[in-house]
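Remarks on the structure that follows.
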Amino acid sequence: MSDANGDSRRIITYNQAFNEALHGLLAEDPDIFVAGEDVGRYGGVFQSFAGLNKAFGDERVVDTPIAEQAIVGLGIGAAAMGLRPIVDLMFMDFVMVAMDQIANQAAKMKYMFGGKATLPLTITTTGGAGLGAAAQHSASLEAWLIHVPGLKVVFPSNPYDLKGLLVSCVRDDNPTIVTLHKAMLGSKGEVPEGLYEVPLGEAEVVREGSDATVVAIGRMVGFAEEAAETLAGEGIEIEIVDPRSLLPFDTATVVASAKKTNRIVVVHEAVRSGGIGAEIAARIQEEAFDYLDAPIGRVAAPFSPVPFSPALEREYLPDAADIADAVRATLDR
Amino acid sequence: MSDANGDSRRIITYNQAFNEALHGLLAEDPDIFVAGEDVGRYGGVFQSFAGLNKAFGDERVVDTPIAEQAIVGLGIGAAAMGLRPIVDLMFMDFVMVAMDQIANQAAKMKYMFGGKATLPLTITTTGGAGLGAAAQHSASLEAWLIHVPGLKVVFPSNPYDLKGLLVSCVRDDNPTIVTLHKAMLGSKGEVPEGLYEVPLGEAEVVREGSDATVVAIGRMVGFAEEAAETLAGEGIEIEIVDPRSLLPFDTATVVASAKKTNRIVVVHEAVRSGGIGAEIAARIQEEAFDYLDAPIGRVAAPFSPVPFSPALEREYLPDAADIADAVRATLDR
Amino acid sequence: MATKTEAGIPKPVLLDLHRRMVRIRHLEENLGRIASEGRVPGFLHLYVGEEAVAAGGCAALRDEDQITSTHRGHGHLVAKGGDFERMMAEFMGKATGYCKGKGGSMHVSDLDLGMLGANGIVGAGVPIAVGAAFANKYRGTDLVTMAFFGDGSTNIGAFHEAANMACALGLPLVFMCENNEYAEYTARERVMAITDVADRAVAYGMPGVVVDGMDVVAVYEAAVEAVERARRGEGPSMIEAKTYRFYDHAGVQGLGRTYRSDDEVERWRARDPIELFEAQLSKARVLSKAAAKKVHDEVAAEVLEAIEFAEQSPLPDPATDLLTDVYTETGR
Amino acid sequence: MATKTEAGIPKPVLLDLHRRMVRIRHLEENLGRIASEGRVPGFLHLYVGEEAVAAGGCAALRDEDQITSTHRGHGHLVAKGGDFERMMAEFMGKATGYCKGKGGSMHVSDLDLGMLGANGIVGAGVPIAVGAAFANKYRGTDLVTMAFFGDGSTNIGAFHEAANMACALGLPLVFMCENNEYAEYTARERVMAITDVADRAVAYGMPGVVVDGMDVVAVYEAAVEAVERARRGEGPSMIEAKTYRFYDHAGVQGLGRTYRSDDEVERWRARDPIELFEAQLSKARVLSKAAAKKVHDEVAAEVLEAIEFAEQSPLPDPATDLLTDVYTETGR
Ligand SMILES: Cc1ncc(C[n+]2csc(CCOP(=O)(O)OP(=O)(O)O)c2C)c(N)n1
Ligand SMILES: Cc1ncc(C[n+]2csc(CCOP(=O)(O)OP(=O)(O)O)c2C)c(N)n1
Ligand SMILES: [Mg+2]
Ligand SMILES: [Mg+2]
């Protein structure tokens with residue numbers, strides 16, 4: 001689209017960004033292939049893989065049986081042989097079915113083999129709630145994944161990062177997991193045409209501010225930006241940090257922001273107990289203890305499975321209002 | 001055994017405490033049964049189930065195929081029908097193979113069914129490293145489990161707590177997971193003869209002290225006690241808190257100790273990133289922020305899979321010296 | 001796979017089979033309708049076309065027997081005696097639903113009816129059925145558990161572990177496979193090198209039979225045989241019912257899809273299990289066209305009332321309902 | 001399951017089969033010995049008694065072909081060409097071992113030899129074999145992957161998913177089952193309602209054969225047929241080798257165990273695969289008793305040297321080795 005000044009920006013959806021990254025990657029490197037349930041001829045349940053099978057054939061865009069353990073195993077074995085598999089686990093909830101292959105096999109193989117194995121394996125999946133998909137199709141499991149040495153984990157919050165992080169993951173020589181938030185598939189943003197990388201382990205300061213820092217991941221980044229607008233109206237300027245990659249994690253950027261604003265709120269969609277917010281909070285207080293003017297706040301889901309009824313799910317999920325409240329609370333101290 | 005004064009104390013091993021709790025429970029309640037790999041006629045790979053099959057028969061102490069998903073499913077279905085299954089996952093590493101049945105099914109069933117299901121299911125397993133069992137037989141996954149609403153999780157640090165916590169878990173009407181540390185099976189302690197309960201969600205102050213608090217779980221409690229002796233020699237008196245049950249977690253006792261000593265070190269065997277120490281630290285700073293004189297320290301394994309060679313494993317595992325160092329570090333601030 | 005005749009089956013049973021199918025059909029068609037009007041949140045996997053499997057299977061069970069289900073579970077619950085009002089209310093996320101609105105379509109259940117839940121995870125219901133069957137045997141009852149599952153689910157590990165364990169332990173369990181030839185949008189032959197799922201039974205040491213899943217009598221008779229075998233303590237068996245879903249994997253689109261041809265859909269629709277059975281029944285003078293219409297009208301009215309009930313029902317209240325039912329508070 | 005004769009197999013192949021078995025036997029016997037002296041840390045699952053399976057299977061493969069293995073993996077690595085010194089060093093946790101001491105017995109591997117690793121998780125190696133076979137086909141090579149797995153492992157989901165996927169995708173994969181009648185301390189018939197694991201092949205649409213796992217020629221010939229079939233692009237097949245472990249599940253105790261009778265052990269030991277084969281070979285004048293002894297002596301000496309090498313080797317240094325090899329640093 002073109003703005004008044006006539007300079008044209010390319011606006012596409014989160015889902016399209018994923019899809020065009022895959023098209024570019026498969027065109028670039030014949031060792032890259034895609035496998036998963038319904039990802040081939042049908043193009044994926046969310047059409048995220050649309051057109052790939054037509055463009056690259058059944059051999060490179062492979063429909064598999066419903067067998068998540070074998071799907072990840074397929075990726076591990078092929079990666080150990082030097083290919084660069086992209087295997088899809090339709091919903092992040094199904095990570096649980098394949099957990100052994102992911103965390104016991106893929107993540108540990110290199111170390112157990114004394115360094116000999118190299119596994120350029122990328123696992124893609126869709127996480128998060130918000131669609132009334134209930135307790136078994138709304139998972140946010142990033143906290144489990146950052147507890148697994150050998151994995152790299154990213155959670156893009158916008159189309160630009162999604163495309164760049166996916167490219168970086170597929171080109172990385174380690175097992176990586178890219179989680180798309182399924183409630184964001186239609187969200188739009190500016191995305192360059194060709195392939196580019198967003199480096200793993202580099203957080204982004206999404207908004208500068210001086211009164212407090214909000215560290216938000218995935219879909220929560222957008223909510224934090226909404227909250228920032230509201231708070232700005234109250235004269236409160238928050239800084240927003242989007243880690244983008246969760247493992248490796250850019251502690252330095254988060255800590256720098258903490259030292260600048262002295263008040264921090266960490267936001268994620270998963271339940272609070274054992275969530276990634278705990279790890280982020282623990283690191284910040286380890287490295288910026290003397291700079292903190294208030295306890296590090298956490299905004300997260302309460303301690304229950306994800307409810308089906310939208311009436312409950314709306315309340316269950318953290319939103320901009322929750323974030324704004326948490327920021328006000330930390331400032332009131 | 002009897003001490004000089006002739007008052008007799010009953011000293012048995014951690015493994016015996018587990019075994020006699022099971023004998024007592026199966027004798028007490030005909031709805032209780034045990035199922036798992038080699039737990040029947042052979043008595044379990046660590047003989048933790050010795051004598052049960054002989055005493056209660058093949059129907060109540062059941063040998064199963066190698067099928068962790070079906071083993072947990074067996075427990076879920078039987079529990080939903082009103083029985084009180086105890087199912088064993090030989091090594092905690094195999095929790096990954098059964099993760100869907102544990103976290104997607106057992107933990108969520110009650111909520112998804114609007115409260116109707118009641119699942120008095122107990123899962124037993126052995127965790128931890130220290131035996132040269134390498135990366136796939138040394139798991140410490142408690143951090144994953146406390147991130148799952150619907151589960152209850154205990155990690156006993158001594159024979160007395162093991163027996164009492166196991167009894168509480170089996171009598172509880174929710175899915176519970178009892179982890180034995182396999183390097184502690186032979187460790188001894190005083191254990192009363194009959195059945196008794198150690199309540200879920202109650203931490204224990206194992207040692208009183210005023211200079212710093214060490215929150216340690218499972219096998220780390222013993223190391224903390226060693227460290228306490230060393231430090232006492234240096235005039236440093238630490239308080240040791242053993243949460244005993246990790247979910248529900250007795251935040252109040254931990255926070256009270258933090259408010260008393262103002263300096264905290266949290267210790268666990270799992271890797272630091274995403275470990276339960278992060279959650280404990282996050283809660284302490286949330287509730288005792290103004291009382292903290294130093295950042296909450298964490299002693300945990302470094303970020304790698306568990307190495308096989310004892311030369312590496314020794315260094316990999318947190319020990320008394322690491323704990324003492326961390327306490328000194330927090331006091332030097 | 002010859003089509004069975006109703007001969008020899010008592011009339012009340014035949015009428016019961018018919019009514020169960022009609023109840024499923026009307027619930028699902030109306031649910032699809034209001035869903036396409038945007039009145040039902042979340043995912044919806046309709047059972048239309050497969051009615052003979054749930055009806056024939058559950059008619060062979062007692063009320064106290066149990067079933068486990070799948071993501072496509074509405075038909076199973078109806079066939080086991082499910083209440084329309086509480087089902088519709090659940091699908092709409094209302095507090096009066098079977099699960100107080102916390103489960104929805106993919107987790108609808110009624111333990112009192114022995115329906116141990118629809119399940120969002122493919123294959124995951126089967127190990128749970130093993131546990132229920134174990135409990136029946138453990139208690140010395142002659143109760144039976146029937147696990148419903150799709151063709152695609154037989155490719156996942158949980159199914160395999162459960163089938164082997166049930167056979168090893170000799171449990172009273174009937175494996176009822178709904179082979180509708182597709183797993184979501186992928187045809188069976190592209191993800192399985194065999195044609196008949198029933199061929200998998202020998203891998204576990206249980207009998208396996210293939211029946212015409214559009215012929216409710218054929219399903220019923222196979223189910224009776226398998227259930228009686230289980231009751232006698234002779235262990236599990238597997239039934240594969242060849243069937244078809246008339247609508248899309250999810251939602252209400254039937255025709256015009258890329259992954260299967262309209263021809264194929266029409267061919268199967270021509271063997272609509274309810275129409276086939278009604279033709280048989282009228283030919284045999286068991287149920288006249290008029291009498292059949294009466295059943296449809298009654299059921300249709302009941303469904304509309306259920307929708308009305310659901311519409312009028314309150315939503316759950318986050319303040320009081322969000323964090324309840326996570327744990328059972330009572331100890332022992 | 002008639003015992004095959006060596007007739008028709010070229011002498012060099014027969015001698016190769018013999019040497020592979022002897023190499024495994026001596027490595028394992030000596031490893032067991034030093035382990036019982038407390039010189040080997042961790043768990044140890046010995047392959048003694050099952051040599052014909054690894055030898056017969058791997059002799060049918062090319063060097064560039066791949067295998068996946070199990071917790072009982074020493075024999076597979078030796079049969080694929082594993083180096084004694086690096087193996088012994090690994091088992092002792094030394095820096096000169098195949099995995100720099102980081103893996104040990106349960107994870108010993110040599111990707112250069114196409115040995116994709118012993119595996120601590122039952123069944124978990126089979127999906128990885130699917131990936132290797134996929135890569136062979138993807139690249140248009142005629143390379144073949146052979147997955148070794150035990151009878152007990154065929155009860156777990158990962159095996160099932162892998163077998164079905166390999167058949168659905170028509171991959172060049174040979175499923176080699178070592179049926180030693182036990183899973184740890186539990187007899188096969190107590191956890192499986194079938195006698196022959198090969199009966200599971202039909203569930204996936206691949207051929208399945210049973211061979212005498214104490215007869216290296218029988219295993220070899222079945223393996224050659226399956227491997228050639230895979231090379232021709234005709235897909236997977238399954239071989240079940242009936243065999244037995246002479247020692248305990250773990251460690252070196254053979255007799256006096258509660259879960260199996262000494263009689264049973266003795267009956268199987270009477271069919272020692274190496275002795276059987278040496279009798280055949282001397283009868284056929286392919287290898288005299290004296291020549292056979294020479295092979296044993298050579299190999300025995302090599303094993304002792306390997307132990308010496310391992311003993312002399314340095315331990316890994318925590319300061320430099322503990323946290324390396326977690327990630328690959330090179331990007332693309
Ligand atoms: C473990 C898991 N993998 C994938 C899915 C997504 N999924 C839901 S239904 C379905 C197809 C199931 O096919 P089938 O078992 O034949 O049942 P049908 O839908 O045909 O009735 C898939 C792949 C899931 N819910 N769970
Ligand atoms: C998932 C999993 N469950 C259980 C175990 C423990 N375990 C190790 S070996 C073994 C028995 C395997 O039996 P089989 O496959 O027949 O191989 P064998 O030991 O007889 O060679 C078991 C149960 C494991 N390692 N992994
Ligand atoms: Mg289907
Ligand atoms: Mg075996």
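Proteins come first, then strands; the chains are lettered A, B, ... in the order of their sequence lines, and each starts at number 1.
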> Side chain, backbone, both or neither: which part of B:Y42 has an atom under 4.5 Å from a heavy atom of chain D?
Replying inline: side chain
> Which answer fits B:F91, side chain, backbone, both or neither, if we ask what part of it has an atom under 4.5 Å from a heavy atom of chain D?
Replying inline: side chain
Let me know if [X] has heavy atoms under 4.5 Å from chain B in its side chain, its backbone, both or neither.
| X | answer |
| --- | --- |
| D:D325 | neither |
| D:T186 | both |
| D:Y259 | side chain |
| D:V326 | side chain |
| D:Y182 | neither |

Should [X] and [Y] count as an ion pair when the cut-off is N to O under 4.0 Å?
| X | Y | value |
| --- | --- | --- |
| D:R39 | D:E311 | yes |
| D:D110 | D:K80 | no |
| D:E90 | D:K94 | no |

>> My understanding is that only one of D:R188, D:E240, D:R200 makes a side-chain hydrogen bond (donor to acceptor under 3.5 Å, both in side chains) with D:T154; could you say which?
In response: D:R200
> When rounded to the nearest 0.5 angstrom, what distance separates OG1 in B:T126 from CG in B:D93?
Replying inline: 8.0 Å
>> Check the orientation of D:H249 and D:H71. Use parallel for under 30°, tilted for 30 to 60°, and perpendicular for over 60°.
In response: tilted
> So D:F149 and D:F175, would you call those rings parallel, tilted or perpendicular, with 30° and 60° as cut-offs?
Replying inline: perpendicular
> Which residue out of B:R41, B:E37, B:E315, B:Q69 racks up the most heavy-atom pairs below 4.5 Å with chain D?
Replying inline: B:R41
> Given the options B:A135, B:G132, B:P65, which has more heavy-atom pairs under 4.5 Å with chain D than any of the others?
Replying inline: B:P65
